[in-house]
There are 2 protein chains.
Amino acid sequence: MFSVLNMRSVSGDLTAKAGIRNAALGLFAERGHSAVSVRQIAEAAGVSPALVLHHFGSKDGLREAVDRYAAAQFDAFLQAPEEVGDVLTSGSNASMAELIAKVLPPGSPLPAYLRRLLLEGDPAGRELFRRWYEVSRALVERLIAAGFAKPTEDLQVRAAFMLTADLALLVLREPLTDALGFDPVSPDGLSRWAAEVTRIYREGAFVVPDETTDRSADR
Amino acid sequence: MFSVLNMRSVSGDLTAKAGIRNAALGLFAERGHSAVSVRQIAEAAGVSPALVLHHFGSKDGLREAVDRYAAAQFDAFLQAPEEVGDVLTSGSNASMAELIAKVLPPGSPLPAYLRRLLLEGDPAGRELFRRWYEVSRALVERLIAAGFAKPTEDLQVRAAFMLTADLALLVLREPLTDALGFDPVSPDGLSRWAAEVTRIYREGAFVVPDETTDRSADR
DNA sequence: GTCGTCCCTGAACAGATGTTTAGTGTACTG
DNA sequence: CAGTACACTAAACATCTGTTCAGGGACGAC
């Protein structure tokens, strides 16, 4: 209808194409890929269904574009690992979920899309997880070397467990909110959740059978 | 084609209706509700599409029936909480995932369907999670009272965390297998995973900054 | 026998699906 | 100016969707 074309020369990414991508991101995150139609995406973006296919070739092409875009957004979180010790000393940002919830605007569809990405089984999500795992493993390694974390026989599983337990908060957010009575990904809920997780990671949760003999065995 | 009708009088649940339910369970678990058509379910069950609707009214009615069936299967795991101490003393069966993987036959679609149930956001999954959370909370309470677990300020979050970290293994099984190089839900992988988790729950993972001053600050 | 009941099917329904085609209008290039 | 390039759309495409309809065939009741 109106002349929106001049936008193209203004900014390289504020075009209708980006609008379609964003609309698809939101709808995919909310309902899942197969439950969203091209027409619904087009309506949400305010364009015709044909334009969606014109820009992305097919619905699957759009999905891949959205996957790449979302994965790129999340990769940004891996850029700044800060100082090694900060992860522990400043009680915050110890977890990926915490970091994500803090940096992203409250209504962002990205956390929900991350859930889909990890669960829908597409290669983009698997690769993202794999990269995060590598970072997580390297971090645990450095924390142990720096004396902030206890050494373990199974570094890989330890890193995987901590990453998994972290992401699980995001993935199981809905049933958790329902069961707990509060949203553990909200700012308040998140600090409460993180406090208890830190407690477990510092003190453990179970009582070791006979502490004295165990300590003597350590020396 | 053949006369399968006499089956009806033999067993109350080995009918074509149950076959449809099982076929739907497998397909739903594998691809998700919205990605499976009635015709695909009918073909997998070896019946006509019309029969699916005849027995379950609608596709959504079938989904609800499958949900109820799956939830009932999983509720069985809550029946035998055994002795309180057993959960800790015998290193096994400390986790729900462990228990599920052990009891169910290797090729069972139930774990995958549980994933869908928890993630698809339908009320059946939320109610299941809520019940498991209650059981988990009660268990932690009893473990603390019995001296097997350390007391905590936030019992609810502790129970929720342990349940979540547990289920996350099932939910994130695919990317975990990809990143770790082995399937943590397989018998071998599971024991390796459980060993490290137990280590964390007993000894913690982080080094507490300065134990003595911290204790004096507590008083 | 005839009736009713229930399991089951083939064919068709209207609507939604992803996608293609032909074409319009605007903008930059020569 | 004509010409190309690109964003964009309306309409139609074949196919798939969930669902309905009319009926077939086997069973027990009367």
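Proteins come first, then strands; the chains are lettered A, B, ... in the order of their sequence lines, and each starts at number 1. None of these values were measured; they are calculated from a predicted model.
- A salt bridge between Glu196(A) and Arg192(A) is absent, with no side-chain N of the basic residue lying under 4.0 Å from a carboxylate O of the acidic one.
- Rounded to whole Å, atom C1' of dT17(C) lies 15 Å from atom CG of Leu62(A).
- Residue His55(B) is the one, among His55(B) and Gln40(A), whose nearest nucleotide of DNA chain C lies closer to the 5' end (criterion: closest heavy atom).
- With axes fitted over five pairs at each extremity, the angle between the ends of the helix from dG1(C)-dC30(D) to dG30(C)-dC1(D) is 10° (10° resolution).
- Every residue two or more places apart in sequence or in another chain was checked for a ring-ring contact (aromatic ring centres under 6.0 Å, His included) with Tyr133(B), and none qualifies.
- Rounding to whole angstrom units, CD of residue Glu43(A) and C1' of dA16(C) are separated by 14 Å.
- Annotation: ring-ring contact (aromatic ring centres under 6.0 Å, His included) contacts of His55(B) (sequence neighbours excluded): none.
- Using a 4.5 Å heavy-atom cutoff, the side chains of Asp178(A) and Phe129(B) are not in contact.
- Lys17(A) has its NZ atom 12 Å from the P atom of dC6(D), to the nearest Å.
- Between the P atom of dC6(C) and the CG atom of Leu51(B) lies a distance of 15 Å, rounded to the nearest Å.
- The separation between Leu27(B) atom CG and dG18(D) atom P is 12 Å, rounded to whole Å.
- Atoms CD1 (Ile41(A)) and P (dA16(C)) sit 17 Å apart, rounded to a whole Å.
- Applying the side chain to side chain donor-acceptor pair (under 3.5 Å) definition to pairs two or more places apart or across chains, those involving residues 37-54 of chain B are Arg31(B)-Gln40(B).
- Looking at residues two or more places apart in sequence or on another chain, you find a ring-ring contact (aromatic ring centres under 6.0 Å, His included) between Tyr201(A) and Phe206(B).
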Base, backbone or nothing for each nucleotide of nucleotides 18-23 of chain C, written B, S, -, heavy atoms under 4.0 angstrom, 5' to 3'? BBB---

Steps toward salt bridge (Lys or Arg N to Asp or Glu O under 4.0 Å) verdict (Glu134(B), Arg137(B)): CA-CA 5 Å; Glu134(B) 297 298 341; Arg137(B) 198 166 55 82; 3.0 Å; yes

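- Of the residues Thr152(A), Leu163(A), Leu155(A), the one that meets the side chain to side chain contact (heavy atoms under 4.5 Å, CB included) test with Val140(A) is Leu155(A).
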